[in-house]
Amino acid sequence: MRRTLTIVLAALIPSVLALGIWLGGHPQYLPDPIANAVLGKDGPRVVNEGIDIVHDRFYRRIDDSQLSNAALDGLVKNLKDRFSNYFSPQDYSSFEQSVENRFSGIGVAIRGVSNGLRVETVFEGSPAAREDLRVGDVIIAADGKKLAGLPEKAAVALVKGPKGSKVRLAILRGTRRLKKTIMRDEIRVPIVASRLKQAGAKKVAYIALSTFSSQDADDQMTAAIRKAKTHGIKGIVFDLRGNGGGLITEAQLIASMFLKDGPIVTTKGRSVPKRTLYALGQPIAGTLPVVVLVDGGTASASEIVTGALQDRKRATVVGTNTFGKGVFQEVIPLANGGALDITVGQYFLPSGRNLGGNPIKPDVPARDDPATPKRDEALDKALRVLARKL
């Protein structure tokens with residue numbers, strides 16, 4: 001008898017488990033007291049109820065994957081956080097391919113705007129430069145797909161691609177609409193560019209850093225500063241215009257080239273532990289006077305460095321307001337093949353200020369005039385400011 005009961009129970013257990021799983025996903029079939037106790041009145045229960053009602057009752061059939069994509073997309077959009085996004089499986093696949101092909105593309109630094117991707121930098125000798133893409137152009141479509149409303153990383157993935165492939169771009173230049181077909185190529189991003197300049201009667205170094213995304217950005221910066229010091233420079237103009245950021249560890253290393261000790265940035269989040277990154281000692285720039293050049297394309301890690309140097313009174317900031325990104329994201333894959341790219345924490349500068357919606361304001365306003373391509377008025381102002389510091 002006992003053996004027979006055991007066999008019957010063993011046979012029933014899979015069916016009971018299957019029923020439980022099914023009822024968990026279809027709570028409308030549970031009695032209200034049980035459903036409320038298990039799933040909560042305002043939580044997953046009502047979401048699942050809504051999806052099931054649309055699935056079962058809407059006048060035309062909606063595919064399950066379409067319903068889940070719409071629900072997740074709406075969930076993230078209602079966070080009202082411009083940096084959080086939902087990648088559909090197709091978008092996430094394109095994003096992963098773009099990461100694998102991160103050294104091939106058209107040769108621009110871009111950032112997301114409401115109607116697409118704004119060109120912040122065009123790298124010299126790149127396919128984009130050969131096809132006359134310009135700073136300020138907005139890419140509004142790639143291969144016929146509109147970029148407005150897409151997550152920035154997904155939009156960038158559509159522009160990037162393997163060497164030798166072509167991409168058809170629709171571009172907005174002021175009020176003009178242009179179409180360009182560009183063949184992608186391997187891009188050697190010039191992470192650091194440096195040259196000697198005059199600030200009044202003194203010799204100084206001009207050093208531009210294009211990204212913090214490369215793990216050798218600090219090595220290239222170190223080499224540039226050391227080389228400049230052999231020429232007897234008396235100061236540095238550090239150009240972070242159009243630098244959209246990258247690795248926070250690189251921000252710490254590069255800020256440490258100008259700061260001997262003390263805090264650089266603190267990160268906080270509901271699900272991530274509070275952490276403060278400090279200067280690492282022995283700054284290679286020593287006590288050389290520094291001016292940092294910034295603009296609206298200066299974001300994230302480049303704002304961390306700028307803000308740390310400004311807060312610690314180590315540098316004078318010249319230019320226009322920075323982008324104002326005071327948060328960081330984490331990409332979390334989902335079971336459907338998509339992913340959530342969601343904000344998980346905030347950055348705080350040494351003074352305690354957060355950059356979210358509060359861009360860094362320059363100590364000295366200056367703006368480059370695009371109508372004078374052979375002159376850089378903002379750099380000229382930075383050199384005058386540095387001359388007064390010498």
Side-chain angles (χ1 to χ4, degrees), residues 72 75-87 91-92 95-96 98-99 102 109-113 117-118 120 150-157 191 209-215 217-218 240 242-256 259 262-280 292 294-312 321-334 338-360:
L72 287 165
L75 167 70
V76 175
K77 282 182 178 174
N78 274 280
L79 297 175
K80 300 194 185 317
D81 174 39
R82 58 179 170 163
F83 302 114
S84 291
N85 297 287
Y86 166 63
F87 288 127
D91 288 339
Y92 188 45
F95 168 67
E96 287 188 305
S98 80
V99 171
R102 61 189 178 276
I110 44 188
R111 69 177 172 91
V113 291
L117 297 169
R118 185 183 186 277
E120 298 291 338
L150 285 180
E152 180 178 330
K153 291 172 184 174
V156 169
I191 296 174
L209 179 67
S210 65
T211 181
F212 287 82
S213 296
S214 171
Q215 292 186 347
D218 59 301
L240 289 175
N243 185 320
L247 304 172
I248 191 172
T249 50
E250 289 297 304
Q252 179 188 24
L253 290 168
I254 288 168
S256 298
L259 294 168
I264 292 169
V265 66
T266 297
T267 60
K268 301 177 188 177
R270 199 161 59 90
S271 63
V272 293
K274 178 180 176 181
R275 182 173 65 141
T276 299
L277 300 181
Y278 293 89
L280 301 174
V292 181
V294 298
D295 65 6
T298 304
S300 190
S302 56
E303 289 179 293
I304 288 172
V305 173
T306 301
L309 298 185
Q310 187 182 54
D311 281 2
R312 304 281 304 281
N321 286 358
T322 62
F323 183 78
K325 185 172 189 269
V327 293
F328 58 97
Q329 288 71 43
E330 183 178 351
V331 178
I332 305 168
L334 299 172
L340 289 176
D341 178 23
I342 192 167
T343 297
V344 295
Q346 297 175 286
Y347 296 121
F348 295 87
L349 297 177
S351 63
R353 58 178 167 155
N354 174 255
L355 298 173
N358 298 295
I360 295 171

Report summary line: So the salt bridge (Lys or Arg N to Asp or Glu O under 4.0 Å) pairs with at least one residue in residues 294-306 (sequence neighbours excluded) are none
Requested in this report: Rounded to the nearest 0.5 Å, what's the gap from NZ on Lys268 to CD on Gln346? Could you check?
Outcome: 8.5 Å
Query - Ile248/Thr267 under side-chain contact (heavy atoms from CB on, under 4.5 Å): CA gap, chis, key distance, verdict - result: CA-CA 10 Å; Ile248 191 172; Thr267 60; 3.8 Å; yes
Report summary line: Nearest heavy-atom approach of Ala301 to Gly246 is CB-N, 3.7 Å
Query - Contacts of type ring-ring contact (aromatic ring centres under 6.0 Å, His included), residue Phe328, not counting sequence neighbours - result: Tyr347
Query raised in the report: With respect to Leu340, which candidate in Leu75, Val76, Asn85 satisfies the side-chain contact (heavy atoms from CB on, under 4.5 Å) definition?
Result: Val76
**Report entry** Pairwise side-chain contact, Leu72 with Leu334, heavy-atom cut-off 4.5 Å (strictly under)
**Finding:** yes
Query raised in the report: Counting only heavy atoms not in Arg275, do more than 12 sit closer than 6.0 Å to its CZ atom?
Result: no
**Report entry** Gap between atom CG of Asp81 and atom CD1 of Ile342 - 0.5 Å precision
**Finding:** 8.0 Å
Query raised in the report: Is there a donor-acceptor pair under 3.5 Å between the side chain of Ser351 and the backbone N or O of Asp311?
Result: no
Query raised in the report: Is the closest side-chain heavy-atom distance between Asn321 and Ile360 below 4.5 Å?
Result: no
Query raised in the report: Does Arg312 reach the main-chain N or O of Ile264 with its side chain, forming a donor-acceptor pair under 3.5 Å?
Result: no
Query raised in the report: Minimum heavy-atom separation for Pro350 to Pro263, with atom names?
Result: CG-O, 3.4 Å
Query raised in the report: Would Thr298 and Asn243 satisfy side-chain contact (heavy atoms from CB on, under 4.5 Å), going step by step from the backbone distance to the final call?
Result: CA-CA 5 Å; Thr298 304; Asn243 185 320; 5.5 Å; no
**Report entry** Which atom of Ala251 lies closest to which atom of Ile304, heavy atoms considered
**Finding:** CB-CG2, 4.4 Å
Report summary line: Minimal heavy-atom distance between Tyr92 and Gly338, with the atoms involved, is CD2-O, 3.8 Å
Report summary line: One should read off an interatomic distance between Phe87 CZ and Leu150 CG, to the nearest 0.5 angstrom, of 9.5 Å
Query - CG-OG1 distance between Leu349 and Thr306, expressed to the nearest 0.5 angstrom - result: 9.5 Å
Report task. Quick one: pull up OH in Tyr86 and CG in Asp341 and give me the separation to the nearest 0.5 Å. Result -> 13.0 Å
Query raised in the report: So, for Ala279 and Leu259, which heavy atoms are closest and what is the spacing to 0.1 Å?
Result: CB-O, 3.5 Å
Query raised in the report: Out of curiosity, Leu277 CG to Thr266 OG1, how far, rounded to the nearest 0.5 Å?
Result: 7.5 Å
Report summary line: Looking only at heavy atoms, the pair that brings Ser256 and Tyr278 closest together is OG-O, 4.2 Å
Query raised in the report: Who pairs with Gln329 by side chain to side chain donor-acceptor pair (under 3.5 Å), at least two apart in sequence or on another chain?
Result: Lys325, Thr343
Requested in this report: Start with the C-alpha distance between Asn358 and Arg353, add both sets of side-chain angles, then the distance that settles side-chain contact (heavy atoms from CB on, under 4.5 Å), and finish with yes or no.
Outcome: CA-CA 9 Å; Asn358 298 295; Arg353 58 178 167 155; over 6 Å; no
